[in-house]
Each structure stands twice: as structure tokens, then as C-alpha cells.
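For reference, the structure is listed below as C-alpha cells.
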Protein chains: 2
Amino acid sequence: MHNRSSIIRMSHYRNAVLRLKAMNFVRVFSDNLADAAGVTAVQVRKDFSIFGITGSRRGGYKVDELIEKFNGILGKDELQKFVIIGVGNLGRALLHYPFEKHGIKIVAGFDIDTGKHNRDSKVPVLPIEDLTEFIEREKIELAVITTPDYAAQKMLDFMIPAGIRGVLNFTPVCLRGPKGVVINNISLVSELENIIYFVNVAENASDEE
Amino acid sequence: MHNRSSIIRMSHYRNAVLRLKAMNFVRVFSDNLADAAGVTAVQVRKDFSIFGITGSRRGGYKVDELIEKFNGILGKDELQKFVIIGVGNLGRALLHYPFEKHGIKIVAGFDIDTGKHNRDSKVPVLPIEDLTEFIEREKIELAVITTPDYAAQKMLDFMIPAGIRGVLNFTPVCLRGPKGVVINNISLVSELENIIYFVNVAENASDEE
DNA sequence: TAGATTGTTAATCGATTAACAATC
DNA sequence: TAGATTGTTAATCGATTAACAATC
């Protein structure tokens, strides 16, 4: 019901509405959001119904009300602070990715490599030894793991007692955590392999015409 | 049947088997792969059945045969070449991400910013003006889009006539392309919002205990 | 043979879509 | 009122799970 896909769609709807607001839209229809999010209008209304978002028949949805609702659902009521574990190519990119306008702040990166440490950077990069204390002091509950694969599970096990409760894992290993800890995996290689597979399928399908 | 999720699982199975091979496993059971990929053994066997992968009753699956099969499905028979459109923080990270061992090669990055151009780098960064010619000459069919959101659709429309047939889109806008062109979207913001949502749900659920 | 594992068919579950009533 | 749009209930579709037969 409130599954991963529906939350991802909510996020897309929010994004679309923000852009429409920037274009001075006051109301939007399910059709508009469907177009912007690449789904059907029925899907939009069904999603809204599940999350208790109502509009007015004939008049669509008020942009400002929608944004309010989305913000509530997606946790924009308070700043969401993340740490990044492993400051390699990908970790460094995420350290500087513009998440601020979405109410998300990367507060620090952590790495074992002393060459990467930098306390004075806008987003500091700190030694792993400081991680527990930092998480507890700053009350961080969210983390992104961009370490090499062999280090990922160890780092997760280390962070959870300190208070981490949600993790986005970019390593290709499937991480395990206790119940109550949210762990999502994105594997860049798998994503590329997915594209490759469906391009090949499309190719072979057209061969048969 | 052969949907996105099943291909992502195939990719995870392949990854798991490669690690088991490195540990000198000769045979694996559906249970082993299930553990490594975080799914059930029945799911593994069902997936295999759909993709025509068979083992031997009582004896599991031969590691080398599995790898062969996975390689066929996931397009490892030939080197898969990608270009990266937009060399910002994320694009640059992907330019140097170690995809080679998976039979995937990032052959070039493209950007409008002349300050980013570098023909002599290991993975060259070239001006957008060179894109069409490059794609046609090198027969590139795959691309990753890491431009700012406002540029993404324009770049896609520009690339498709040149021969691009599969795209991984990291911008938060939902891209459109003609039938036959595969477009997958990953939004980093949505992924983080997903974690945030489920951490909040878990929190509220435990409040009610 | 007994035990373990695969592989398939049927049942269940959940998500999407269709149909349509409500109402602005 | 007529037309357009929302919102809900029912139907469909597809994916996962259960049950179990096959067999090594």
C-alpha cells in the first residue's frame, strides 16, 4: 500500500508540483501530474487517495496544499541530516550534491584514509574513529554507504548501535540489519546492466519483425 | 516476467556467484544465492526457471555454468560502451567508477563547459558539439545523463537520432523517448526521501507499541 | 532407500487499471 | 444542465509464495 514505488512516485509528484508552482500554477489536475511523472492520471488519484490527499471535483488540487502534504509525507518538516561513509569518487560527489533545497543536508563524510580528512571543508571529512561520537552528538539517524563492498556490512554493524536507522547502500552487496533499520540498495552496475538487458531485448524483438 | 526487478536480481545473483567462485566454490544451491541476494530460495529457482537456467536436483548449480548464463543474459559477451552526458560532481564520479571488471566501459564524457574539456584524459571529456559524430563513429548505443535537470530532455532528444538506444537518467525529470529507447530514471533525492519516509514510519510504528 | 534439492503448477497476494458514481 | 474532474469500488493483471512432484 505505502510501498517503495508509491513513495518514489510521491517524490516525483512533489518535484513536478514545485516546478509548476515556479511557473505560477495555482491549481493542478491529476492529468498534469501524470504527464510530468510519467504515470496515468488514475494512478495519481489512487496514490493521493491512499495518502489522504483530496482535491476538489472539477477544480483539481491546490498547488500549495499539495506541497504541504508532500512535505509532510516526505519528512520536510525538519532538516534531514545524513552522513556519508566512504569518500571515494561517488562519496565525494554526493558530499557536494545540491540536496539542500530538498531539506536534506549532508553533514559530514567519513573515511579511513587520512589523506581524505579535512575538518575545515564546508562538509568536513572525518576519520571513522570519530563516527560514533559524531552520530550520537549530532543525533544523526541517516547514512549513505559508498565504501568498497568488503567494508560495507562492517560499517553498517558499527553505525547501528550509535543510532543510525536508515541507510542508502551503493555497494553491490546486500546489507543486513536488525528489524526497524531501513536499508535500501542501489547498485550502479545493476542499473547499467538493466539498461543493457532491455536494449538487447528491444534489439532482438525488432529483429523478429 | 522479465521485468526490471528480475533483471536486478539476476545482477545480484551474478555478483554473489562471482564472489563464491573467488572462494573456490564449484557448486552453489539456491539457498546460498538467496542468502547473498536477500531473497528466498524459491524466488531464486523461479527466476532461474524463467530464464532457462537449470541445475541438478540434489546437486545445485555449477558455478561456472551460472556465470556463463548470467553473462549471456546481462550482455557480457561484448564490451558495453557508455558515454556520460554532463560532467558535474556525479558525472565525474561515474567517469572514474570501476565498471571495467563488469564488462562496462565509460568511453567519454561530454559537457558544454569548456573548462571541463580534456581530450587527453584517460576518459576524455569532450564538447557537446562532438557528441553526434563520436556516437556514430564509435557506435555507442548507451548513455548516462547527469546534466542539470533543465538540460536532460534536450540532450536526450539530441542523442537519439545519433543512435543512443538506452539511457540511465540521474536527473529528477521523467524523460520521454520514442518506443524502442530504454530509459531508466534514478533520482538521488527520491532515494533519500524513500529512506526518510520509511524511517519515519518505523519510528511512528514503534511509538504505538 | 531416505534425504535433500530442484523445478513446476496452483494459490495467494498486492498493485494497477477499469468502471462508474459523486459533485463541482 | 452539461461537461469535466475527482475518488472509490470492483476487476484485472502480474509477481510472489506455497505446495508438491520429480530426481539425484
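Remember, predicted model here, so these are calculated numbers, not experimental data. Residue numbering restarts at 1 for every chain, and letters A, B, ... go by the order of the sequence lines.
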Closest approach of [X] to [Y] (non-hydrogen atoms, all atoms of both residues):
{"X": "B:Val123", "Y": "B:Gly109", "result": "CG1-N, 4.3 Å"}
{"X": "A:Asn3", "Y": "B:Phe198", "result": "C-CZ, 3.8 Å"}
{"X": "B:Asp47", "Y": "B:Arg9", "result": "OD2-NE, 2.7 Å"}

Can you check whether B:Ile145 reaches B:Phe170 side chain to side chain, under 4.5 Å on heavy atoms? no
Selection: [range], any non-hydrogen atom under 4.0 Å of DNA chain D:
{"range": "residues 17-36 of chain A", "value": "A:Phe29, A:Ser30"}
{"range": "residues 48-59 of chain B", "value": "B:Arg57, B:Arg58"}
{"range": "residues 60-72 of chain A", "value": "A:Gly60, A:Tyr61"}

Just to be sure I follow the notation: if a pair is Watson-Crick (purine N1 to pyrimidine N3 plus N6-O4 or O6-N4) or a G-U wobble (N1-O2 and O6-N3), each under 3.5 Å, what dot-bracket string does DNA chain D give, with | for pairs to another strand? ..||||||||||||||||||||||
Quickly, which of A:Phe48, A:Phe29, A:Phe70 forms a ring-ring contact (aromatic ring centres under 6.0 Å, His included) with A:Tyr61? Name it, please.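 For A:Tyr61, the ring-ring contact (aromatic ring centres under 6.0 Å, His included) check succeeds only for A:Phe48.
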Are A:Phe82 and A:Phe99 close enough that their ring centres sit under 6.0 Å apart? no
Under a 3.5 Å cutoff, is there a donor and acceptor pairing between the side chains of A:Asn184 and A:Asn169?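 On atom types as modelled, these side chains do not qualify, holding no pair under 3.5 Å.
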Take a 6.0 Å sphere around CD of A:Glu136 and say whether it holds more than 12 heavy atoms from other residues, nucleotides or ligands.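 Counting neighbours around CD of A:Glu136, more than 12 heavy atoms of other residues, nucleotides or ligands fall under 6.0 Å, so yes.
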Are there over 12 heavy-atom neighbours, none belonging to A:Lys21, within less than 6.0 Å of that residue's NZ? no
Under a 4.0 Å threshold between the charged nitrogen and the carboxylate oxygen, would B:Arg176 count as salt-bridged to B:Asp157? no
A:Glu191 with B:Arg4: basic N within carboxylate O range, under 4.0 Å: yes
OP1 or OP2 of D:dT6 sitting under 4.0 Å from any side-chain N/O of A:Arg45? yes
Aromatic plane relationship, A:His2 with B:Tyr197 - under 30° parallel, 30 to 60° tilted, over 60° perpendicular: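 The arrangement is tilted - the two ring planes meet at 30° to 60°.
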Residue-level proximity of residues 3-12 of chain A to DNA chain C when a heavy atom falls under 4.0 Å: A:Asn3, A:Arg9
Donor-acceptor pair, A:Lys105 side chain versus A:Leu79 backbone, under 3.5 Å?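 No; judged by distance alone, with no hydrogens or angles, the pair does not exist.
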Could you pull out all donor-acceptor pairs under 3.5 Å where a side-chain atom in residues 53-60 of chain B meets a protein atom, sequence neighbours excluded?
none

Assess whether salt bridge (charged side-chain N to carboxylate O under 4.0 Å, His left out) is satisfied between B:Glu141 and B:Lys81, documenting all intermediate values. CA-CA 8 Å; B:Glu141 300 189 325; B:Lys81 296 185 284 185; over 6 Å; no
Between P on C:dT16 and CG on A:Asp47, what's the gap in Å once rounded to a whole number?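 Rounding to the nearest Å, CG of A:Asp47 and P of C:dT16 are 7 Å apart.
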